[in-house]
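Below is one structure, written out as structure tokens; the observations come after it.
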Amino acid sequence: MKTIAVFTSGGDAPGMNACLRAVVRTAAFNGIKVKGILNGYDGMIADNFIDMDASAVANIIHKGGTILKTARSKSFFTKAGQQKAKANLTKNKIDGVVVIGGDGSFKGALEFSKMCKIPFVGCPGTIDNDLVGTDYTIGYDTAINTVIDAVDKIRDTAESHGRVFFVEVMGRDAGLIALRSGLASGAEAILIPEIKTNINALIKKLKSGRKEKKSKIVIVSEHDDAGGAFKISEKIKLALPEIDIRVSVLGHIQRGGKPSCMDRVNASRMGYAAVQALLGGKKHTMIGIVNNKITFTPFAKAVKHLQQPHPDLVQMMEILS
Ligand code: F6P
């Protein structure tokens with residue numbers, strides 16, 4: 001293994017830069033050249049490769065986003081796109097690739113492996129935490145801390161006005177951001193796609209809550225089966241017109257910001273392990289951390305299932321709210 005490529009792909013996540021830094025510096029330590037690919041798979045197709053040495057990743061460990069930029073590539077899922085990508089990897093003499101991204105990025109790598117034999121190793125970078133084979137994905141910890149910071153602020157104004165707030169958080173099809181941040185911010189209700197939302201039960205809950213506390217927070221995961229925060233709040237307004245309701249959609253604020261300590265350390269461990277894995281002959285595998293140990297999960301398995309919320313957390317949410 002003389003030269004490896006590294007790129008970030010899909011939705012950015014805080015900690016991607018820390019992971020990239022670890023990949024580049026571990027490779028340099030082992031005498032391997034690194035080429036960074038700009039703009040994810042699109043950059044692979046467009047031959048957007050840059051040389052990266054250890055100093056190219058100085059002062060980035062604390063930065064959100066990704067210095068390599070990212071994209072959700074459509075072209076990479078076409079035969080023509082993949083042929084160009086393969087030709088560019090060959091032209092740049094790439095012996096192995098580290099992809100930092102989420103399930104879409106690993107699905108792309110898996111599809112590509114049918115026509116290109118260059119080994120790919122993945123580091124899970126997504127705020128959603130929705131991959132099998134790791135307790136935490138890079139960016140999840142920062143995102144949930146961003147959410148609780150925002151909800152704490154919303155709680156102040158909700159309390160002053162005696163209002164009920166529906167706060168919508170990201171997570172695509174996974175309710176893990178909603179569940180954990182809802183627990184941490186003491187939300188009165190948490191609606192997640194993994195559990196069917198019962199609007200009547202929610203109405204009852206909002207009606208029968210502690211009398212002295214008029215303000216309430218309902219955390220809604222963006223793809224809840226009953227709809228987003230606006231749609232659900234409309235139903236509640238109709239049933240409980242006496243309640244003063246507001247909606248706050250947190251949106252992309254959840255993807256930005258300085259990575260937390262946990263994300264920086266996990267990302268560094270995963271980036272380091274990814275290079276070791278390539279050197280050890282691994283391919284089409286995602287690096288994870290389970291019970292504080294580095295693990296390897298084939299892409300095919302990592303992308304197949306969503307992490308289900310822990311039943312204890314779900315039961316606890318009901319009792320504590
Ligand atoms: O996968 C990360 C994520 O932030 C999801 O939580 C969200 O549904 C999606 O990306 C939004 O993607 P985009 O920024 O492309 O609109």
Side-chain angles (χ1 to χ4, degrees), residues 7-19 38-43 64-66 68-77 99-110 122-151 166-182 184 190-194 219-232 247-260 263 266-267 270 286 288 299 302-309:
F7 67 104
T8 49
S9 168
D12 61 349
M16 279 183 161
N17 283 326
C19 186
L38 300 174
N39 298 322
Y41 285 113
D42 282 348
T66 157
L68 286 181
K69 316 284 186 228
T70 187
R72 298 195 191 279
S73 177
K74 288 205 173 77
S75 330
F76 192 71
F77 285 88
V99 45
I100 307 167
D103 66 339
S105 312
F106 299 159
K107 277 180 191 151
L110 203 56
C123 293
T126 165
I127 63 163
D128 299 340
N129 205 30
D130 59 348
L131 289 158
V132 167
T134 191
D135 289 342
Y136 295 103
T137 55
I138 298 164
Y140 175 62
D141 183 63
T142 308
I144 51 182
N145 279 295
T146 299
V147 172
I148 64 168
D149 186 47
V151 174
F166 285 77
V167 182
E168 184 175 302
V169 301
M170 280 185 167
R172 207 179 283 276
D173 304 312
L176 296 162
I177 293 179
L179 182 56
R180 198 159 272 259
S181 61
I190 306 169
L191 311 181
I192 56 176
E194 291 86 349
I219 303 279
V220 184
S221 192
E222 60 178 338
H223 289 158
D224 187 74
D225 57 278
F230 278 105
K231 200 168 165 194
I232 296 174
V247 176
S248 185
V249 177
L250 297 188
H252 286 78
I253 192 175
Q254 296 160 93
R255 287 241 296 266
K258 281 154 76 86
S260 66
D263 273 328
N266 281 350
M270 289 180 189
M286 184 194 82
F299 285 152
V303 300
K304 275 238 160 84
H305 313 272
L306 294 173
Q307 270 209 34
Q308 284 303 309

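Every number for a ligand or one of its atoms is a count from 1 in the order of the listing.
- Counting protein heavy atoms only, atom 6 (O) of ligand 1 is closest to D128 OD1, 2.7 Å.
- The protein atom (non-hydrogen) at minimum distance from atom 12 (O) of ligand 1 is R72 NH2, 2.9 Å.
- Here the straight-line distance linking atom CD1 of I177 with atom CG of D128 works out to 5.0 Å at 0.5 Å rounding.
- Looking only at heavy atoms of the protein, atom 8 (O) of ligand 1 is closest to E222 OE2, 2.5 Å.
- By the criterion of a heavy-atom distance under 4.0 Å, neither the backbone nor the side chain of H223 is placed next to ligand 1.
- Geometrically, ligand 1 and G171 share a nitrogen or oxygen pair separated by less than 3.5 Å.
- The shortest contact between atom 16 (O) of ligand 1 and any protein heavy atom is with H252 NE2, 3.7 Å.
- Inspection of the T142 and D263 side chains reveals an N or O donor paired with an N or O acceptor under 3.5 Å.
- Atom 11 (C) of ligand 1 has R255 NH1, 3.6 Å as its closest protein atom, hydrogens excluded (heavy atom only).
- Under the 3.5 Å distance criterion, the side-chain polar atoms of T137 are matched with a main-chain donor or acceptor of T126.
- Considering only residues two or more places apart in sequence or on other chains, N39 meets the side-chain hydrogen bond (donor to acceptor under 3.5 Å, both in side chains) condition with none of them.
- In this structure the side chain of Y136 never reaches within 4.5 angstrom of the side chain of I144, judged on heavy atoms.
- The structure places NZ of K69 at 8.5 Å from CG of L38, a figure rounded to the nearest 0.5 Å.
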